[in-house]
Novice: 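Following this message is one structure expressed as structure tokens.
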Amino acid sequence: MATTTTEHFLVECSTSKGSFSMTFHRSWSPLGYGRVLALFQDGYYDRTYLYRVVPNFLVQFGVSSDDVMKEKWSWKNSIQDDPLTPERPFKKGTIS
């Protein structure tokens, strides 16, 4: 479930191993922010698997388990990359 304001939104995630939350900031990724918010609100990530778990490093996810959603939000409808923001370095807990 996404809780949103105009400048950031919080997503609460539940897994078989526990829960975690993610906060997205518009100023960090103006183009990506709108896209990922729309994906969460549309249910794209519902029942999505976490895969390629590397302990203390990264977890990858992002491919919907729903074929209809995959087609609706396919790369045919991709967005431009956000500009690089060197003031936002990768560190523990960063979503990219």
Side-chain angles (χ1 to χ4, degrees):
M1 172 59 83
T3 304
T4 181
T5 70
T6 57
E7 293 305 313
H8 71 274
F9 71 94
L10 175 72
V11 175
E12 298 288 340
C13 302
S14 300
T15 76
S16 60
K17 299 292 184 182
S19 299
F20 64 94
S21 61
M22 297 182 287
T23 302
F24 296 84
H25 302 268
R26 181 186 302 277
S27 64
W28 293 9
S29 181
L31 301 174
Y33 177 92
R35 176 63 170 237
V36 76
L37 176 59
L39 288 167
F40 274 108
Q41 289 177 329
D42 197 33
Y44 180 87
Y45 295 111
D46 292 356
R47 294 168 303 285
T48 295
Y49 294 101
L50 303 177
Y51 56 92
R52 192 172 171 228
V53 176
V54 179
N56 299 311
F57 181 58
L58 65 83
V59 175
Q60 288 184 312
F61 73 98
V63 179
S64 180
S65 58
D66 182 319
D67 290 338
V68 173
M69 283 291 185
K70 281 192 274 196
E71 179 62 25
K72 177 179 179 180
W73 291 98
S74 73
W75 294 112
K76 294 181 290 189
N77 303 312
S78 64
I79 61 171
Q80 291 182 336
D81 290 339
D82 277 300
L84 294 176
T85 54
E87 68 276 7
R88 304 281 178 235
F90 289 107
K91 59 184 180 179
K92 187 174 184 176
T94 301
I95 299 168
S96 167

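When a residue number appears, it is its place in the shown sequence, counting from 1.
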Novice: How close do W73 and A38 get, counting heavy atoms only, and between which atoms?
Specialist: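 That closest heavy-atom pairing would be CH2-CB, 3.7 Å.
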Novice: Which pair of non-hydrogen atoms, one from G43 and one from M69, has the smallest distance, and what is that distance?
Specialist: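 For G43 versus M69, the nearest heavy atoms are C-CE, 4.1 Å.
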Novice: I want to check something: taking the side chain as every heavy atom from C-beta on, are V11 and S21 in contact at a cut-off of under 4.5 Å?
Specialist: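 The answer is no; the side chains never approach within 4.5 Å.
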Novice: Could you label the plane-to-plane angle of the F24 and F9 rings as parallel, tilted or perpendicular, counting under 30° as parallel and over 60° as perpendicular?
Specialist: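 Rings of F24 and F9: parallel, as their planes differ by under 30°.
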Novice: Can you tell me how far apart CG (L37) and CG (L39) are? Round to the nearest 0.5 Å.
Specialist: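 So the CG of L37 and the CG of L39 are separated by 9.0 Å.
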Novice: One thing to verify: whether D42 and K72 come together as a salt bridge, which I'm taking to mean a side-chain N less than 4.0 angstrom from a carboxylate O.
Specialist: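 A salt bridge links K72 with D42.
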Novice: Heavy atoms only: give me the nearest M22-F40 pair and the separation to one decimal.
Specialist: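 Looks like CE-CZ, 3.6 Å.
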Novice: Are E12 and S19 close enough that some pair of their side-chain heavy atoms sits under 4.5 Å apart?
Specialist: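 They are not in contact (no side-chain heavy atoms under 4.5 Å apart), so the answer is no.
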Novice: Measure across T15 and L50 and return the closest heavy-atom pair with its distance rounded to 0.1 Å.
Specialist: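 Shortest heavy-atom contact: CG2-CD1, 3.8 Å.
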Novice: Heavy-atom count around Y49 OH within 6.0 Å, excluding the residue itself: above 12?
Specialist: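 Counting other residues, nucleotides and ligands, OH of Y49 stays at 12 neighbours or fewer.
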Novice: Please confirm whether the backbone N or O of Y44 pairs with a side-chain atom of S64, one donor and one acceptor, at under 3.5 Å?
Specialist: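 Yes: the side chain of S64 pairs with the backbone of Y44.
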Novice: Keeping S65 on the side-chain end and R47 on the backbone end, is there a donor-acceptor pair under 3.5 Å?
Specialist: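 Yes; at least one donor-acceptor contact below 3.5 Å.
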Novice: Taking side chain as C-beta onward, heavy atoms only, is V63 less than 4.5 Å from K70?
Specialist: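 Yes, at least one pair of side-chain atoms sits under 4.5 Å.
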Novice: Looking at every non-hydrogen atom in both residues, tell me the closest pair between D82 and L31 and how far apart they are.
Specialist: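 For D82 and L31, the tightest heavy-atom pair comes out as OD1-N, 2.7 Å.
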Novice: If you count every heavy atom of other residues, nucleotides or ligands that lies below 6.0 Å from F57 atom CZ, does the total exceed 12?
Specialist: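 Result for CZ/F57: open.
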Novice: Is the gap between the ring centers of Y45 and F61 under 6.0 Å?
Specialist: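 They qualify: ring centres under 6.0 Å apart.
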Novice: Okay, side chain of R26, backbone of T6: is any donor-acceptor separation there less than 3.5 Å?
Specialist: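 Side chain of R26 to backbone of T6, a donor-acceptor pair under 3.5 Å: yes, one is there.
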Novice: How far does NE2 of H8 sit from OG of S27, to the nearest 0.5 angstrom?
Specialist: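 That separation rounds to 11.0 Å.
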